[in-house]
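Here is the structure we will look at.
First the proteins, then the strands, lettered A, B, ... as listed; each starts at 1.
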There are 2 protein chains.
Amino acid sequence: MTGKPIPTLALVDDHTLFRKGMINLISMVNANYNILFEADNGEDLQKKISKDNQPDILLMDINMPHMDGFATVEWLREHYPLVNVLVVSMIQKEEAIVKMLKLGVKGYVCKDIEPRELGEALHSIANKGFYYTDFITGKLVHSLQLGESANGASSMLPVMNDREKDFLKLACTEFTYNEIAAKMFVSPKTVDGYRNSLFEKLNVKSRVGLALYAVKHGFVQL
Amino acid sequence: MTGKPIPTLALVDDHTLFRKGMINLISMVNANYNILFEADNGEDLQKKISKDNQPDILLMDINMPHMDGFATVEWLREHYPLVNVLVVSMIQKEEAIVKMLKLGVKGYVCKDIEPRELGEALHSIANKGFYYTDFITGKLVHSLQLGESANGASSMLPVMNDREKDFLKLACTEFTYNEIAAKMFVSPKTVDGYRNSLFEKLNVKSRVGLALYAVKHGFVQL
DNA sequence: CTGCCATACAGGATTTTTCCGGTATTTGCC
DNA sequence: GGCAAATACCGGAAAAATCCTGTATGGCAG
């Protein structure tokens, strides 16, 4: 673990030829990357990845036999959350893109990507932690807009009463629950109730979850 | 506590005439607000505000004798963090605006505000929780840009090593520290060290503080 | 009037978080 | 080689957060 050495990569794709092609592309990029390993699919990846063999960036296809890209990202998120996934797929369907984004992938590019853009994507992920093109952002925004208006059910905010909203704001501070109770002029046991009620309503299970929810939904400004 | 009744207001300004003028303006707005009380300055406010006498929105000047707007907002933030402050001041200096914004005020308008805009501001704060005009946003962005480049010292990010950055990302999840340790392949006591080190470097004192810092500085995406 | 539901609050137990004061290992550098 | 700084780690204890079950109150619809 010597500081910030050469970023490491791994490739997951069921087509050997395509993997070799990608490796060739990567070698054309004027930057240094160490390729740790290649895998045929998610199952194969599970065998090859380990504590001492984690890539910084994982280039992965979606359509794969046995264990596809979605299942693989979910598994990685649980077991190797520090691995940055760059999806490399022919699939351009908004549904797939948005699904992957929700699963936390750090980039999504088309398989016919040009060397220059691949270099940019890898560099961006290695340094800023993500690479989202305007195309991807566009899909995401579009999907959000759909969710907000037409759909209706999906983005409906849970019903919170005023006191719960007040509590939510104060939960996004470094006050302890006892201090929050004092500022809300209620018993600590009552804020205990607000918290548990919000855990359920907002589908989170910790104060960090509450804070993140509040920020995401604009209850507090950063 | 009957649902969402008429929003309550309070005014803090040392000029009686101006307060009366504002009240008149507010009455012209086609919306209902209850005015709880008026105060001459921060000190006077401290006497008049109480658990059972907190306004939803507090309209406040900056230049006031005895206790000015800045001190007052700081005090409110500590003792009545749920009160939304709308600054109403002649002061248009970027420095003052940015300072107030940093103190968490929910809006900043000029004293020569028109009835229509005042109505919009109050409505926006009562519902969305804030009212920032483009003018204010502009000042803020400008100040941020200054901070980023010229100033240098002010916005310099603390030096975090790679493992600390990794930890910071995982701290923004609902994993416990034990789970985080497992995912980072280190001992729980080590993440204990990362945490304490970041508390100091980032000037926070709880996990919520860490998460909020991380979001604000783009270490995690929402 | 009465039972239901939402809200405010308690006691008590358990887990997590936070804090403190140390130790071993590694790494760069004089 | 040896020293300072950074990193990984430990035991123990105090504080905070989380969870569960249960009570009192008040509004309100049947």
Side-chain angles (χ1 to χ4, degrees), chain A residues 1-6 50-52 54 56 81-82 157-214 220, chain B residues 1-5 51-52 54 81-82 157-214:
Chain A
M1 210 88 29
T2 64
K4 198 191 295 282
I6 304 171
S50 71
K51 168 190 171 179
D52 301 313
Q54 294 183 67
D56 293 313
L82 296 176
L157 288 182
V159 254
M160 270 183 273
N161 64 39
D162 289 349
R163 289 307 264 171
E164 284 172 345
K165 285 179 191 168
D166 287 344
F167 164 74
L168 182 56
K169 287 183 197 168
L170 294 177
C172 301
T173 65
E174 299 198 320
F175 291 131
T176 68
Y177 287 135
N178 279 330
E179 289 168 335
I180 291 176
K183 297 193 194 315
M184 290 183 72
F185 304 103
V186 293
S187 143
K189 284 300 184 179
T190 300
V191 318
D192 213 52
Y194 295 147
R195 173 169 49 72
N196 290 330
S197 151
L198 286 186
F199 277 4
E200 212 176 318
K201 289 183 184 173
L202 309 183
N203 198 33
V204 298
K205 47 181 186 297
S206 69
R207 185 162 170 183
V208 172
L210 283 184
L212 261 20
Y213 179 96
V220 293
Chain B
M1 212 87 28
T2 63
K4 196 190 299 280
K51 168 189 170 178
D52 301 313
Q54 292 183 67
L82 296 177
L157 288 183
V159 254
M160 270 184 273
N161 64 41
D162 289 351
R163 290 306 264 172
E164 284 173 346
K165 286 180 191 166
D166 286 345
F167 164 75
L168 183 57
K169 287 183 198 166
L170 294 177
C172 301
T173 65
E174 299 199 319
F175 292 131
T176 69
Y177 288 133
N178 280 329
E179 289 168 335
I180 291 176
K183 299 196 192 313
M184 289 182 73
F185 303 104
V186 292
S187 140
K189 286 299 185 175
T190 300
V191 318
D192 212 50
Y194 295 146
R195 174 169 49 72
N196 289 330
S197 151
L198 286 186
F199 276 5
E200 213 175 315
K201 289 183 185 175
L202 309 183
N203 198 33
V204 298
K205 46 183 188 294
S206 68
R207 183 162 172 183
V208 172
L210 283 184
L212 261 21
Y213 178 97

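Residues A:Ser50 and A:Gln54 come closest through the heavy atom pair O-CG, 3.1 Å. In this structure, B:Arg207 and B:Thr173 approach most closely via the heavy-atom pair NH2-O, 2.7 Å. Of all non-hydrogen atoms in A:Leu170 and B:Pro81, the two that sit nearest each other are CD2-CG, 3.5 Å. When all heavy atoms of B:Leu212 and A:Ala211 are compared, the pair lying nearest together is CD1-CB, 4.1 Å.
Looking at the side chain of B:Thr176, the nearest of the listed nucleotides D:dT7, C:dT17, C:dG12 is C:dT17. In the set D:dC9, C:dT7, C:dT17, C:dT17 carries the atom at the smallest distance from any side-chain atom of B:Tyr177. When each of C:dT7, C:dC19, D:dC9 is scored by its nearest atom to the side-chain atoms of B:Phe199, the top-ranked nucleotide is C:dC19. Side-chain proximity of B:Asp192 to D:dA8, C:dA10, C:dC19: nearest is C:dC19. Between D:dA8, C:dT18, C:dC9, one nucleotide has an atom nearer to the side chain of A:Ser187 than all others, and that is C:dC9. Here the nucleotide nearest the side chain of B:Arg195, chosen from D:dT18, C:dT18, C:dG12, is C:dT18.
OP1 and OP2 of C:dC20 both lie 4.0 Å or more from every side-chain N or O belonging to B:Asn196. The shortest distance between the side-chain N/O atoms of B:Arg207 and the OP1/OP2 oxygens of C:dT18 is not below 4.0 Å.
Rounded to an integer number of Å, the gap from CZ of B:Arg163 to P of D:dA5 is 24 Å. Regarding A:Glu200, its CD atom lies at a distance of 10 Å from the P atom of D:dC20, rounded to whole Å. Atom CG in A:Asp166 sits roughly 10 Å away from atom P in C:dA8 (whole-Å rounding). When rounded to the nearest whole Å, the span between CZ of A:Phe175 and P of D:dA15 equals 20 Å. Atom P of nucleotide D:dA15 and atom CG of A:Asn178 are separated by 12 Å, given to the nearest angstrom. If you take CG of B:Leu170 and C1' of C:dT16, they are 17 Å apart, rounded to a whole angstrom. Atom-to-atom, CG of B:Asp162 to C1' of D:dT7 comes out at 13 Å; the value is rounded to the nearest Å. Whole-Å rounding puts the A:Glu164 CD to C:dC9 P distance at 14 Å.
The distance from atom CD1 of B:Ile180 to atom OH of B:Tyr194, rounded to the nearest 0.5 Å, is 12.0 Å. Between atom CG of residue B:Asn178 and atom OG of residue B:Ser187 there is a gap of 9.0 Å, rounded to the nearest 0.5 Å.
In A:Lys201, the NZ atom is crowded: over 12 heavy atoms of neighbouring residues, nucleotides or ligands sit closer than 6.0 Å. By the 6.0 Å contact criterion, CD on A:Glu174 is enclosed, its count of non-hydrogen atoms from other residues, nucleotides or ligands being greater than 12.
Of the possible polar contacts, one joining the B:Arg163 side chain to the B:Met184 backbone as a donor-acceptor pair under 3.5 Å is found.
Relative to the axis of its first five pairs, the axis of the last five pairs of the helix from C:dC1-D:dG30 to C:dC30-D:dG1 sits at 30°, rounded to 10 degrees.
Judged by distance alone, with hydrogens and angles left aside, B:Lys189 brings no side-chain donor or acceptor close enough to the base of C:dG22 to form a pair under 3.5 Å.
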Between the protein and nucleotides 22-26 of chain D, which nitrogen or oxygen pairs come in under 3.5 angstrom?
none

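Note on A:Ser206: only backbone sugar-phosphate atoms sit closer than 4.0 angstrom, heavy atoms only; bases stay farther off. A:Tyr194 comes within 4.0 angstrom of the backbone, heavy atoms only, and of no base. Residue contacts shown for B:Thr190 include a base, since a base heavy atom lies under 4.0 Å away.
Residues B:Phe167 and B:Met160 form no side-chain contact, since every pair of their non-hydrogen atoms from C-beta on lies 4.5 Å or further apart.
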